*Asks:* 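Quick one: the structure is below, and I'll ask about it shortly.
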Amino acid sequence: QLQLVESGGGLVQTGGSLRLSCAGSGFPLEYYAIGWFRQAPGKEREGVACISSTGQMTTYANSAKGRFTISRDNAKNTVYLELNSLKPEDTAVYYCAGDFAGAFSNVQSMCARSDIIISWGQGVQVTVSS
(Lines give C-alpha, C1' and ligand atoms only; values in the text may rest on other atoms or scores of the structure.)
Protein backbone atom coordinates (compact mmCIF):
# COMPACT_ATOMS: atom_id res chain seq x y z
CA GLN A 1 0.00 0.00 0.00
CA LEU A 2 1.20 3.48 -0.79
CA GLN A 3 2.48 5.34 2.24
CA LEU A 4 2.76 9.11 2.29
CA VAL A 5 4.69 11.37 4.65
CA GLU A 6 4.38 15.15 4.63
CA SER A 7 7.04 17.59 5.77
CA GLY A 8 7.85 21.27 5.55
CA GLY A 9 5.11 22.83 7.65
CA GLY A 10 5.69 25.49 10.24
CA LEU A 11 4.94 28.97 11.49
CA VAL A 12 5.30 31.91 9.11
CA GLN A 13 4.20 35.51 9.03
CA THR A 14 1.60 36.85 6.65
CA GLY A 15 3.10 37.14 3.20
CA GLY A 16 5.65 34.42 3.86
CA SER A 17 6.31 31.20 2.01
CA LEU A 18 6.65 27.51 2.72
CA ARG A 19 7.30 24.43 0.64
CA LEU A 20 5.53 21.28 1.66
CA SER A 21 6.81 17.89 0.56
CA CYS A 22 4.95 14.62 0.27
CA ALA A 23 7.23 11.60 0.08
CA GLY A 24 5.82 8.32 -1.13
CA SER A 25 6.96 4.77 -0.38
CA GLY A 26 5.67 1.27 -0.87
CA PHE A 27 4.80 1.83 -4.54
CA PRO A 28 6.25 4.05 -7.26
CA LEU A 29 4.53 7.39 -6.97
CA GLU A 30 4.37 7.67 -10.76
CA TYR A 31 1.28 5.45 -10.75
CA TYR A 32 -0.64 7.79 -8.46
CA ALA A 33 -2.43 11.07 -8.80
CA ILE A 34 -1.73 13.15 -5.71
CA GLY A 35 -3.68 15.88 -4.00
CA TRP A 36 -3.04 18.34 -1.23
CA PHE A 37 -5.92 18.93 1.16
CA ARG A 38 -6.25 21.06 4.24
CA GLN A 39 -8.49 21.25 7.24
CA ALA A 40 -8.76 24.15 9.63
CA PRO A 41 -10.37 23.83 13.06
CA GLY A 42 -14.14 23.81 12.77
CA LYS A 43 -14.06 23.71 8.98
CA GLU A 44 -14.53 21.00 6.39
CA ARG A 45 -11.61 19.50 4.58
CA GLU A 46 -10.77 21.40 1.40
CA GLY A 47 -9.03 20.23 -1.75
CA VAL A 48 -6.21 22.72 -2.27
CA ALA A 49 -4.44 21.34 -5.34
CA CYS A 50 -4.24 18.07 -7.24
CA ILE A 51 -1.82 16.77 -9.83
CA SER A 52 -2.03 13.91 -12.29
CA SER A 53 0.37 10.98 -12.16
CA THR A 54 2.49 12.43 -14.98
CA GLY A 55 2.33 15.98 -13.68
CA GLN A 56 0.75 17.24 -16.87
CA MET A 57 -2.59 18.14 -15.31
CA THR A 58 -3.10 20.28 -12.24
CA THR A 59 -6.02 21.97 -10.56
CA TYR A 60 -6.29 24.47 -7.74
CA ALA A 61 -8.93 25.69 -5.35
CA ASN A 62 -9.90 29.30 -5.98
CA SER A 63 -8.26 30.22 -2.69
CA ALA A 64 -4.96 28.77 -3.92
CA LYS A 65 -4.83 30.05 -7.48
CA GLY A 66 -1.95 32.40 -8.12
CA ARG A 67 -0.35 31.71 -4.74
CA PHE A 68 0.21 27.96 -4.49
CA THR A 69 1.98 25.65 -6.93
CA ILE A 70 1.80 21.88 -6.97
CA SER A 71 4.55 19.91 -8.67
CA ARG A 72 6.07 16.47 -8.58
CA ASP A 73 9.35 14.69 -9.12
CA ASN A 74 8.55 11.05 -9.78
CA ALA A 75 12.22 10.13 -9.80
CA LYS A 76 12.32 11.26 -6.17
CA ASN A 77 8.88 9.83 -5.37
CA THR A 78 7.89 13.25 -4.06
CA VAL A 79 5.15 15.78 -4.63
CA TYR A 80 5.53 19.39 -3.56
CA LEU A 81 3.21 22.24 -2.67
CA GLU A 82 4.77 25.68 -2.82
CA LEU A 83 2.86 28.14 -0.64
CA ASN A 84 3.44 31.83 -1.33
CA SER A 85 1.82 35.05 -0.12
CA LEU A 86 0.44 33.18 2.84
CA LYS A 87 -2.53 34.56 4.73
CA PRO A 88 -3.84 33.80 8.23
CA GLU A 89 -6.79 32.00 6.63
CA ASP A 90 -4.32 29.48 5.16
CA THR A 91 -3.69 28.18 8.66
CA ALA A 92 -4.64 24.51 8.70
CA VAL A 93 -3.34 20.98 8.80
CA TYR A 94 -2.25 20.09 5.29
CA TYR A 95 -2.48 16.51 4.08
CA CYS A 96 -1.31 14.83 0.93
CA ALA A 97 -3.35 11.98 -0.44
CA GLY A 98 -2.98 9.63 -3.37
CA ASP A 99 -4.94 7.24 -5.49
CA PHE A 100 -4.28 5.23 -8.62
CA ALA A 101 -4.05 7.31 -11.75
CA GLY A 102 -7.26 5.82 -13.17
CA ALA A 103 -9.35 6.09 -10.02
CA PHE A 104 -10.68 9.51 -11.01
CA SER A 105 -11.67 10.82 -14.41
CA ASN A 106 -9.62 13.96 -13.90
CA VAL A 107 -7.74 15.88 -11.24
CA GLN A 108 -10.73 18.11 -10.59
CA SER A 109 -12.73 15.05 -9.56
CA MET A 110 -9.96 13.94 -7.25
CA CYS A 111 -9.82 17.27 -5.47
CA ALA A 112 -13.59 17.23 -5.05
CA ARG A 113 -13.84 13.66 -3.69
CA SER A 114 -11.31 13.40 -0.90
CA ASP A 115 -13.72 11.14 0.95
CA ILE A 116 -12.89 8.20 -1.31
CA ILE A 117 -9.14 8.65 -1.72
CA ILE A 118 -7.26 5.59 -0.52
CA SER A 119 -3.90 6.71 0.86
CA TRP A 120 -3.27 9.61 3.23
CA GLY A 121 -0.34 11.10 5.05
CA GLN A 122 -0.43 12.07 8.70
CA GLY A 123 -0.68 15.79 8.00
CA VAL A 124 1.53 18.78 8.70
CA GLN A 125 0.60 21.99 10.48
CA VAL A 126 0.86 25.32 8.69
CA THR A 127 0.30 28.37 10.84
CA VAL A 128 0.29 31.89 9.42
CA SER A 129 0.51 34.70 11.94
CA SER A 130 -0.99 38.12 11.28
Side-chain angles (χ1 to χ4, degrees):
Q1 183 177 351
L2 178 67
Q3 296 180 336
L4 300 169
V5 178
E6 303 94 336
S7 61
L11 172 65
V12 295
Q13 292 184 335
T14 297
S17 298
L18 286 172
R19 189 175 81 156
L20 306 183
S21 297
C22 172
S25 63
F27 282 96
L29 209 60
E30 63 183 312
Y31 297 125
Y32 292 82
I34 300 292
W36 283 97
F37 301 83
R38 68 185 182 185
Q39 189 164 22
K43 294 188 177 181
E44 292 189 356
R45 186 166 57 199
E46 173 189 22
V48 176
C50 291
I51 188 167
S52 62
S53 58
T54 63
Q56 290 182 326
M57 303 300 293
T58 60
T59 191
Y60 296 90
N62 287 335
S63 58
K65 287 179 182 177
R67 300 189 300 126
F68 297 175
T69 302
I70 189 170
S71 62
R72 66 191 299 156
D73 185 342
N74 284 339
K76 295 183 178 179
N77 248 26
T78 303
V79 174
Y80 305 98
L81 185 67
E82 191 82 29
L83 311 174
N84 296 311
S85 302
L86 282 163
K87 307 173 182 179
E89 51 263 44
D90 294 318
T91 296
V93 178
Y94 284 70
Y95 301 88
C96 66
D99 215 322
F100 289 111
F104 295 91
S105 56
N106 52 51
V107 289
Q108 289 81 6
S109 297
M110 182 180 192
C111 263
R113 291 302 310 274
S114 64
D115 56 309
I116 59 174
I117 294 175
I118 293 177
S119 299
W120 288 83
Q122 81 288 351
V124 62
Q125 178 70 45
V126 172
T127 303
V128 185
S129 63
S130 56

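All figures in this text were calculated on a predicted structure; none of them were measured in a lab.
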*Asks:* Check F37 against A97 and note the closest heavy-atom contact, atom names and distance.
*Replies:*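 Closest pair (atom of F37, atom of A97, distance): CE1-CB, 3.9 Å.
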*Asks:* On a heavy-atom basis, which atom in S63 and which in E46 lie closest, and how many Å separate them?
*Replies:*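 Looking at all heavy atoms of both residues, the shortest contact is OG-OE2, 3.0 Å.
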*Asks:* Group every Ile, Leu, Val, Met, Phe, Trp and Tyr by side-chain heavy-atom contacts under 4.5 Å, then state whether I34 and V107 land in the same group.
*Replies:*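 Looking at the clustering, V107 is in a separate group from I34.
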*Asks:* CZ/R72 to CD/E30 distance, rounded to the nearest 0.5 angstrom?
*Replies:*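 Answer for the CZ-CD pair, R72 versus E30, is 8.5 Å.
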*Asks:* Determine whether the aromatic ring centres of residues F100 and Y32 are separated by less than 6.0 angstrom.
*Replies:*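 Aromatic pair counts; centres sit under 6.0 Å.
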*Asks:* Look at the side-chain heavy atoms of Ile, Leu, Val, Met, Phe, Trp and Tyr, link any pair under 4.5 Å apart, and say whether I51 and Y94 land in one connected group.
*Replies:*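 Yes, it is one cluster - the side chains of I51 and Y94 are joined through contacts under 4.5 Å.
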*Asks:* Could you measure the distance from the CG atom of D99 to the CD1 atom of I118? Nearest 0.5 Å is fine.
*Replies:*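 Nearest 0.5 Å value for the CG-CD1 distance: 4.0 Å.
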*Asks:* Going only through I, L, V, M, F, W and Y residues with side-chain contacts under 4.5 Å, is there a path from W36 to V126?
*Replies:*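 Yes: a chain of side-chain contacts under 4.5 Å links W36 to V126.
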*Asks:* Does the pair D73 and T78 meet the rule for a side chain to side chain donor-acceptor pair (under 3.5 Å), with working shown?
*Replies:* CA-CA 5 Å; D73 185 342; T78 303; over 6 Å; no
*Asks:* About how many Å separate SG of C96 and CZ of R38, when rounded to the nearest 0.5 Å?
*Replies:*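 So the gap between those two atoms works out to 15.5 Å.
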*Asks:* Is it possible for you to say whether V124 and Y95 belong to one hydrophobic cluster, with membership spreading through side-chain heavy-atom contacts below 4.5 Å?
*Replies:*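 As far as the 4.5 Å side-chain criterion goes, Y95 and V124 are not connected within one cluster.
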*Asks:* Shortest non-hydrogen contact from N74 to S53?
*Replies:*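 Closest approach of N74 to S53: ND2-O, 3.0 Å.
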*Asks:* Give me the atom names and distance for the closest heavy-atom approach of C22 to L4.
*Replies:*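 Answer, listing the atom of C22 first, then L4: SG-CD2, 3.8 Å.
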*Asks:* For residues T91 and E89, is any side-chain donor paired with an opposing acceptor at under 3.5 Å?
*Replies:*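 There is no such pair between these side chains.
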*Asks:* Could you pull out the closest heavy-atom pair between Q125 and A92, with the gap in Å?
*Replies:*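 Closest pair (atom of Q125, atom of A92, distance): NE2-O, 3.4 Å.
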*Asks:* Are side-chain N/O atoms of R19 and Y80 paired as donor and acceptor at under 3.5 Å?
*Replies:*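 Short answer, no.
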*Asks:* For G24, does its backbone N or O pair with a side-chain atom of N77 as donor and acceptor, under 3.5 Å?
*Replies:*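 Answer holds: yes.
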*Asks:* What I want to find out is whether D115 reaches R45 closely enough, with some N-O distance under 4.0 Å, to be called a salt bridge.
*Replies:*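 Salt bridge: no.
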*Asks:* Taking E6 for the side chain and Q122 for the main chain, is one N or O donor matched with an acceptor at less than 3.5 Å?
*Replies:*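 Indeed, once roles are kept as given, a pair shorter than 3.5 Å links the two residues.
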*Asks:* Do you reckon Y60 sits in the same ILVMFWY cluster as V128, going by side-chain contacts under 4.5 Å, direct or chained?
*Replies:*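 Shared cluster, yes.
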*Asks:* CD of Q108 to OG1 of T58: how many Å apart, nearest 0.5 Å?
*Replies:*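 Going from CD on Q108 over to OG1 on T58, the span is 8.5 Å.
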*Asks:* If only atom types and distance count, is the side chain of T14 paired as donor or acceptor with the main-chain N or O of S129 below 3.5 Å?
*Replies:*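 Yes, T14 side chain to S129 backbone: donor-acceptor pair under 3.5 Å.
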*Asks:* Only one of L86, L18, L20 forms a side chain to side chain contact (heavy atoms under 4.5 Å, CB included) with F68, so which one is it?
*Replies:*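 For F68, the side chain to side chain contact (heavy atoms under 4.5 Å, CB included) check succeeds only for L86.
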